[in-house]
Protein chains: 2
Amino acid sequence: MSKKQLIMETALDLFAKQGFEATSVQQITDRCGISKGAFYLSFKSKDELILALIDYFMMQVTSDIDYIVRVTKDEELLYQFYFSIYQTFHNHSQFAKVILKEPSLTLNKELILKLNYYDKLIGNTILMMIERLYGEAVKETKYDLLYSIKGFMSAYSQLFIYYNIPIDLNMLVESLVEKTNLLAKHTTVPFVSKEMNDIFQFKQPMNEEMKEQILEMIENKLEEMEESIEKESLVLLKGQLLEPTLSRAVVRGLLENIRNQPHCKWIAYLLRQYFE
Amino acid sequence: MSKKQLIMETALDLFAKQGFEATSVQQITDRCGISKGAFYLSFKSKDELILALIDYFMMQVTSDIDYIVRVTKDEELLYQFYFSIYQTFHNHSQFAKVILKEPSLTLNKELILKLNYYDKLIGNTILMMIERLYGEAVKETKYDLLYSIKGFMSAYSQLFIYYNIPIDLNMLVESLVEKTNLLAKHTTVPFVSKEMNDIFQFKQPMNEEMKEQILEMIENKLEEMEESIEKESLVLLKGQLLEPTLSRAVVRGLLENIRNQPHCKWIAYLLRQYFE
DNA sequence: TTGACAAATGACTAATCAGTCATTATTATA
DNA sequence: TATAATAATGACTGATTAGTCATTTGTCAA
């Protein structure tokens, strides 16, 4: 494990237990068995550490959910969606604690923006799922459905983030699927309008700047990769980004190729957004 | 306004903006136009201040909701319930920010216990409402309904706590009433069981110790009250607490008498719990 | 073995902040 | 008005902590 990763995992544990502000850099480095100075070789500041933590986990979560929504067939989608959400909460419960408990951290505007940004991305994915599953039927109420789903996620997550109760995940998910379907099929009174939702999630359309960012990420990634199918795929995708020549099917296949390369999930997610 | 109150309101603003840890006592006292020493005449420590803030607001909220649930007739109950919740969020949005953003505050176990305590009380009130409205029909699913309602509360509260969007409160409430009724009437797959819920909300039955506490509060209150119907009512209620002689109807009336006396809401709430 | 480079150290600095207390100001009382 | 009692002050203390940097340790290639 790299030093950076060691610091991140150690810090995560401590933040989950004590909170961000109450955890000193000294405490982190003591626990890691390294010196304080070594910490500053990996991170420019303590703030940079928490931002890195958020990126590290939220990228995973966001791209996982997006992938599920895109590849799962309709009949199983809602089930798989909730299943993946709660599995993630379970696998990364330490991180979930930090996020759910500490959206304050008012010191840092950047942090709030970051959390907002990922919340927006996940919201868009959920909306996409709602539209696919229920179509025109929920035209008026889809934003309410989005908020209801978010409500279910937060209310039920508390149940097993703080306590280690053995959970029948299948039962939980079945229960939420039923509730979601009920609301989708019978709700008639809308409250959240498109405009209201947009105030929070004003769309950031993919633009040239974004393209540059993706390109840069790909190039960094390519440098550290060894020759392989994955690398070849990424090279082709880079070409497609610069000048679109490949068919949609080929692109889809190439994305599938790189998806399971560690750290490539996020690039795959961004490219998927860009190409559509 | 008393000095204590001035400090509490000033601190609330600052905590809502900057968070608890990031706000220094100096900052609070500067804003109040008093010295740092004066702060410590009103509060033993900074921690005591946040605990006092939580008590001050949560007592109001808890007793308000409980009152609504007890006096509103079934047909309007759900509407009035949500209406009161969101009105409270709106009126005390600064406080809501502190609470919703800062359930961490990991320094202080006492604080977490306190928040848990009020959450439990409110949960019990909501459960009482659910049982009254839907009865046996939701025997299996009432705890899920409780979590769904909590989910709605938190998801929708975000909408207008952080942004000052003009809100059609009536529409919001209608929309949540419909959702709640839908879930209550059609949910068949339960997930949260009584036992699971009890792990969080293990009942603290009213006991002798509680009785002593209420008595002490009443006596403190009586000292600062002037002769009035309210004082007379409170004296009678104190008698009833020591030795029950009055009829239920009389007790109910007396409680109604003191309910609107400032600061008596909480005593009324506790007495209501005790007498039933 | 030597020397050059990089990695790691931890004592130190400067800043912050909760809480104290000797002193001063204000108010109530006689 | 004089005296006592109470309220308020703010400089100070001690503790903590983010971040720095001169020094040491480790690692190679020559």
Side-chain angles (χ1 to χ4, degrees), chain A residues 1-54 98 101-102 104-112 114 223-224, chain B residues 1-55 98 101-102 104-112 114 220 223-224:
Chain A
M1 186 163 22
S2 77
K3 188 143 296 168
K4 201 159 176 169
Q5 196 128 19
L6 173 65
I7 293 173
M8 281 171 74
E9 303 213 346
T10 309
L12 186 66
D13 271 352
L14 289 168
F15 290 166
K17 274 200 208 84
Q18 316 173 336
F20 176 73
E21 310 222 26
T23 303
S24 69
V25 172
Q26 189 73 62
Q27 231 180 322
I28 297 168
T29 54
D30 283 355
R31 184 77 79 88
C32 288
I34 61 171
S35 72
K36 206 171 165 190
F39 174 91
Y40 287 93
L41 294 177
S42 293
F43 296 95
K44 275 208 281 292
S45 69
K46 194 183 168 193
D47 280 359
E48 204 189 80
L49 166 62
I50 186 113
L51 291 175
L53 274 174
I54 288 173
V98 175
K101 293 202 129 186
E102 207 122 17
S104 69
L105 283 176
T106 6
L107 354 107
N108 211 327
K109 292 241 166 183
E110 207 182 333
L111 188 141
I112 293 168
K114 212 177 248 307
E223 277 176 29
E224 66 187 64
Chain B
M1 184 165 21
S2 75
K3 187 143 299 171
K4 201 160 175 168
Q5 196 129 21
L6 173 66
I7 293 173
M8 281 170 76
E9 303 214 347
T10 309
L12 186 65
D13 271 352
L14 289 168
F15 290 167
K17 274 200 208 86
Q18 315 173 337
F20 175 72
E21 309 222 26
T23 304
S24 68
V25 171
Q26 189 73 62
Q27 232 181 321
I28 297 168
T29 54
D30 283 354
R31 184 78 79 87
C32 287
I34 62 173
S35 71
K36 204 173 165 187
F39 174 92
Y40 287 93
L41 295 176
S42 294
F43 297 94
K44 275 209 282 292
S45 69
K46 195 184 166 191
D47 280 0
E48 204 190 80
L49 166 62
I50 187 112
L51 291 175
L53 273 174
I54 287 173
D55 273 332
V98 175
K101 295 201 125 188
E102 207 121 18
S104 71
L105 283 174
T106 6
L107 354 106
N108 209 328
K109 289 240 169 185
E110 207 182 333
L111 189 142
I112 293 169
K114 214 178 246 308
N220 289 337
E223 276 176 29
E224 67 187 63

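Bear in mind the structure is a predicted one, so any value in this text is a computation, not a measurement. Letters A, B, ... are given to chains in the order of the sequence lines, protein chains preceding strands, and every chain is numbered from 1.
The ring-ring contact (aromatic ring centres under 6.0 Å, His included) test applied to B:Tyr40 returns no partner, not counting sequence neighbours. With sequence neighbours excluded, the residues that form a side chain to side chain contact (heavy atoms under 4.5 Å, CB included) with B:Ser42 are B:Lys3, B:Lys4, B:Ile7. For B:Asp55, the side-chain hydrogen bond (donor to acceptor under 3.5 Å, both in side chains) partners are B:Lys114, B:Tyr118, not counting sequence neighbours. When the side chain to side chain contact (heavy atoms under 4.5 Å, CB included) test is applied to A:Gln26, the partners found at least two apart in sequence or on another chain are A:Ser24, A:Thr29, A:Asp30, A:Lys36. Residues satisfying the salt bridge (charged side-chain N to carboxylate O under 4.0 Å, His left out) test with A:Glu48, not counting sequence neighbours, are A:Lys44. Under the side chain to side chain contact (heavy atoms under 4.5 Å, CB included) criterion, A:Ser35 pairs with A:Ala38, sequence neighbours left out.
Contact annotation: the side chain of A:Ile50 never approaches that of A:Phe43 to less than 4.5 Å [non-hydrogen atoms, C-beta and beyond].
Summarising the geometry, the separation between CZ on B:Phe39 and C1' on C:dC21 is reported as 17 Å, rounded to the nearest angstrom.
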Per-nucleotide protein contact string for nucleotides 8-18 of chain C, where B marks a base within reach and S marks sugar-phosphate only (heavy atoms under 4.0 Å, - for neither)
BBB------SB
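To the nearest 0.5 angstrom, A:Leu49 atom CG is 4.5 Å from A:Phe15 atom CZ.
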Tabulated below should be each protein N or O lying under 3.5 Å from an N or O of nucleotides 24-28 of chain C; please produce it.
none

